[in-house]
Amino acid sequence: MSNLNEAGGAGSQKAASENAPVSVISNFIKDIINDDLKSGKHAGIITRFPPEPNGYLHIGHAKSICLNFGLAKEYGGRCHLRFDDTNPCKEDIEYIESIERDVKWLGFDWNEHLYYASDYYDALYEYAVALIKMDKAYVCELTNEEMREYRGTLTEGGKHSPHRDRPVSESLELFERMKKGEFEDGKLVLRAKIDMSSPNINMRDPIIYRIRHTTHHRTGDKWCIYPMYDFTHCVSDAIEKITHSICTLEFEDHRPLYDWFLDVLKTECHPRQIEFARLNLTFTVMSKRKLLELVEKKYVSGWDDPRMPTISGLRRRGYTAEAIRNFCEMIGVAKSNSTVDFAMLEYCVREDLNKKAMRVMGVLKPLKVVITNYPDGQVEELDAQNNPEDESAGTRKIPFSKVIYIERDDFREDPPKQFFRLAPGREVRLKHAYYIKCETAVKDEKGEITELHCTYDPATKGGWSDDGRKVQGTLHWVSAAHALECEVRIYDQLFTKSNPDETASGDYKENLNENSLVKLYPCYVEPGLKSAKIEDRYQFLRQGYFCLDSDSTPDKLIFNRTVSLVDTWAKLEKKIQKK
RNA sequence: UGGGGAGUCGUCUAAUGGUAGGACAGCAGACUCUGGAUCUGUACGUGAGAGUUCGAUUCUUUCCUCCCCAGCCA
């Protein structure tokens, strides 16, 4: 059982020892940094990755992680991991742990620079008091609904709160009492005093503290007032002496507020906020709300369901950290909204796994083949190359015997023109083994083919013939007596539409793909896979890349298909059928 | 219809006044004991107009389209 507990072995990655390489491609953020370095504004850079621990990280976060940690590495600076934990209602320790695990797995290291916004609650409180004393903040008693009314609309300015001009001393006292827990949730808030007529709604006296009698996952019950994002984020950045605070586009019109707080507070450090476009991917959703819904309503098995675009899902699916990093490098960083073709991500895993994954043979939809002229009871150990892309991967022995399984799709009774595989009277090569020729197809009473009777040519051992004879097809196979029975899970896109949000009803779930998971059983793989460990990755010859799923037990191996191989024949066949 | 952003091959992304380039996807071919990989070739783009200039993706201007903002979420 121990072999199922952690990754290791031939097909696996040593995540911890992996180190992300430095990027060579430029982007507009690097241009800014280069200017800042050149002008002497900064001697070095400090960035940060600031997730809120209210969900699992996804591939979109990976883009941000690669950007922030990548920049730090490239410029010899550092990147902090900071949990933006200012909303105890939504946050959870489970998420903190998963985020740390995922960032590490991606190959990045924050060293001792692990922080929490909640670390700064005392400082934040003092800054808030300072704001009140400067008459730049006040305690407001408007209800939620009133607040919305007073805020105005996109086209009209708002109105002043009746509490806006209350004396500083009164706000001070009220704020103190808010902190002491004298008011219930929602009764009072602390607001910045900026400009209710601003065309930028964020500047219309934004709330900076609200009351929440909720236990915080780190500070417990010490606080019942919690700071809002806009106030917390810029102050946290300043405390950590961040030089470049990189966030996504939707925060662009929060920047004036970010700058306002730091200007008014006259913080020693005033980071520059830079916005870039978040990642969108075809055939999937990236919003935390939707991913959470998929998990909670059991459309998927969990955050790490192999169909999820989460880091843990992709990892379980068999993606490597290197593939994800390469992908993030490949897609670039810019300010225009964009949706990347999922095929680009698949290209990146294939490229990486092609170099690394050990080749093995596995039959997904078995068809029994009896080699009639092969001696009963004889077993030969044949040599098989582990990875033609990597000489150092060596070879292994695989057993061959009279009864084998081949892929059902590799036989056609009535083969189309360009079909190179097995058919009555046809000869093909069994990879690493012999040429075999199909003599007869045995059928049951319903006309289903139950097995094939073939003959082999003993002179072709290893898959060669000296007489110049050519065979067009090469098939993978496993010896029936030696094969390991297992389950294989074939995944397809979670959604049927390239843009899942394109719906008639407005509910993206109507685009869920009913066939996104197909479980195949029994499948047969070569006996060597018995020692496979969770997350070990393999190429099943001619089929795709697979990895051992965490649902596996020593008695039942389960493999996930990470991605298929490029299937030229499938494409060709489709074209033939169209004609 | 307020404010803030963005428009370059099908999709991402370069070119910062001087030959519009790369990657993915597509197509065609070569090669191959994986119809994998690899290699070669090929097609495809500056949202529109006006202006400045010898020369504009780049500068100016008008227009068009798309995205974000009215949580006591981040």
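All chains are named by letter (A, B, ...) in the order of the sequence lines, taking the proteins before the strands, and each is independently numbered beginning at 1. Atoms considered below: every heavy atom in the structure, side chains included; atoms not considered: hydrogens, waters and symmetry mates. Everything quoted here is computed from the prediction, not taken from an experiment.
- Base engagement by A:His432 is indicated by at least one non-hydrogen atom pair under 4.0 Å involving a base atom.
- Which of B:A74, B:G35, B:C12 sits closest to the side chain of A:Ile331 comes down to B:C12.
- Note on A:Tyr209: nothing from the nucleic acid sits closer than 4.0 angstrom, heavy atoms only.
- Residue A:Ser338 places at least one side-chain N or O closer than 4.0 Å to OP1 or OP2 of B:U13.
- Comparing B:U65 with B:C31, their C1' atoms are spaced 47 Å from each other, to the whole Å.
- Stacking here means ring centres nearer than 5.5 Å and ring planes tilted less than 30 degrees, and by that measure A:Tyr229 does not stack onto B:A74.
- Checked against B:U13, B:G5, B:C72, the side chain of A:Met147 finds its nearest nucleotide in B:C72.
- Looking at the side chain of A:Ala334, the nearest of the listed nucleotides B:U34, B:A14, B:C73 is B:A14.
- In RNA chain B, stems built from 3 or more consecutive Watson-Crick or G-U wobble pairs, each with both distances under 3.5 Å, span B:2-7 with B:64-69, B:10-13 with B:21-24, B:26-30 with B:38-42, B:47-51 with B:59-63.
- Of all the heavy atoms in A:Val139 and A:Phe175, the pair that sits closest is CG2-N, 3.8 Å.
- Here the separation of B:U60 from B:G21, taken at their P atoms, is 25 Å to the nearest Å.
- For A:Arg212, a side-chain nitrogen or oxygen approaches OP1 or OP2 of B:C73 to under 4.0 Å.
- Within the nucleic acid shown, A:Val471 has no heavy atom closer than 4.0 Å to any nucleic acid atom.
- A salt bridge links A:Arg255 with A:Glu275: at least one charged nitrogen is closer than 4.0 Å to a carboxylate oxygen.
- Put simply, CG on A:Leu279 is 13 Å from C1' on B:U13, counting in whole angstrom units.
- Remark: the separation of the C1' atoms in B:A14 and B:U8 is 10 Å, to the nearest Å.
- In terms of phosphate contacts, A:Arg82 brings no side-chain nitrogen or oxygen within less than 4.0 Å of OP1 or OP2 of B:A74.
- Results of the salt bridge (Lys or Arg N to Asp or Glu O under 4.0 Å) test with A:Glu141 over A:Lys187, A:Arg191, A:Arg166 single out A:Arg166 as the only residue that passes.
- Aromatic ring orientation, A:Trp303 versus A:Tyr56: parallel (interplanar angle below 30°, classes split at 30° and 60°).
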Quick tally for nucleotides 17-29 of chain B: nucleotides whose base has a protein heavy atom under 4.0 Å get B, sugar-phosphate-only ones S, the rest -, giving ------SSSSSS-
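- In this entry the distance linking CH2 of A:Trp464 with P of B:U32 reads 10 Å, nearest Å.
- One finds a side-chain N or O of A:Thr568 lying less than 4.0 angstrom from the OP1 or OP2 phosphate oxygen of B:G36.
- Side-chain proximity of A:Ser336 to the nucleotides B:U13, B:A74, B:G35 is greatest for B:U13.
- OP1 or OP2 of B:A74 sits under 4.0 Å from a side-chain N or O of A:Thr86.
- Note on A:Phe419: a base of the nucleic acid sits closer than 4.0 angstrom, heavy atoms only.
- Side-chain to base pairing of A:Gln539 with B:U34: one donor and one acceptor N or O lie within less than 3.5 Å of each other.
- Backbone-only contact: A:Thr339 has heavy atoms under 4.0 Å from sugar-phosphate atoms and none from a base.
- Applying the 3.5 Å distance criterion, the base of B:G36 shares a donor-acceptor pair with the side chain of A:Glu389.
- When heavy atoms are screened at a 4.0 angstrom cut-off, A:Asn87 is found touching the sugar-phosphate backbone but no base atom.
- At the heavy-atom level, A:Arg151 lies under 4.0 Å from the strands shown only through sugar-phosphate atoms.
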Given the rule in the salt bridge (charged side-chain N to carboxylate O under 4.0 Å, His left out) test, do A:Asp457 and A:Lys437 qualify, once you have shown the distances and angles that lead to the verdict?
CA-CA 8 Å; A:Asp457 178 353; A:Lys437 187 173 177 185; over 6 Å; no
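- At a threshold of 4.0 angstrom between heavy atoms, the contacts of A:Leu572 include nucleobase atoms, whether or not backbone atoms are also involved.
- For the 3.5 Å distance criterion, the side chains of A:Ser198 and A:Asn200 fail to qualify, holding no donor opposite an acceptor.
- Comparing A:His254 and A:Leu154 by the nucleotide of RNA chain B whose heavy atom lies nearest to each, the residue mapping closer to the 5' end is A:Leu154.
- B:C9 and B:G71: their P atoms are spaced 36 Å apart (whole Å).
- Nearest nucleotide to the side chain of A:Lys335, out of B:U13, B:G5, B:A37: B:G5.
- Of the two residues contacting RNA chain B, namely A:Lys470 and A:Asp31, the nearest-nucleotide position lying further toward the 5' end is that of A:Asp31.
- When heavy atoms are screened at a 4.0 angstrom cut-off, A:Asn144 is found touching base atoms of the nucleic acid.
- With respect to A:Glu182 and A:Arg177, a salt bridge is recorded, a charged nitrogen being found less than 4.0 Å from a carboxylate O.
- Between A:Asn354 and the phosphate of B:A37, there is no side-chain N or O to OP1/OP2 separation shorter than 4.0 Å.
- Ring centers of A:Tyr456 and A:Tyr434: under 6.0 Å apart, within the cut-off.
- When each of B:G7, B:G71, B:U1 is scored by its nearest atom to the side-chain atoms of A:Thr155, the top-ranked nucleotide is B:U1.
- Contact annotation: A:Arg210 side-chain N/O to B:A74 OP1/OP2 distance is under 4.0 Å.
- Using a 4.0 Å heavy-atom cutoff across all strands shown, A:Pro256 reaches no nucleic acid atom at all.
- Under 4.0 Å is where a charged nitrogen must lie from a carboxylate oxygen, and between A:Asp205 and A:Lys193 no such pair does.
- A:Glu407 places no side-chain N or O within donor-acceptor distance of the main-chain N or O of A:Val363, the cut-off being under 3.5 Å.
- Taking atom P in both B:G22 and B:C44, the straight-line distance is 14 Å, to the nearest Å.
- Remark: P of B:U13 and CZ of A:Arg278 are 15 Å apart, rounded to the nearest angstrom.
- Taking every side-chain heavy atom of A:Asp253 into account, B:C68 is the closest of B:A70, B:U34, B:C68.
- Going from the P atom of B:U19 to that of B:G55 covers 15 Å, rounded to whole Å.
- Between A:Tyr405 and A:Tyr524, the two ring planes are parallel [angle under 30°; tilted spans 30° to 60°].
- Put simply, the side chain of A:Arg148 and the base of B:G71 share no donor and acceptor less than 3.5 Å apart.
- For the P atoms, the distance linking B:U58 with B:A50 amounts to 14 Å, nearest Å.
- Between B:U1 and B:A20, the two C1' atoms lie 38 Å apart (nearest whole Å).
- For A:Arg212 and A:Tyr226, the positive end is not near the middle of the six-membered ring at less than 6.0 Å and at most 45° from its axis.
- For the pair A:Arg204 and B:G3, the criterion of a side-chain N or O lying under 4.0 Å from OP1 or OP2 is not met.
- Within 6.0 Å of CD in A:Glu184 there are 12 or fewer heavy atoms belonging to other residues, nucleotides or ligands.
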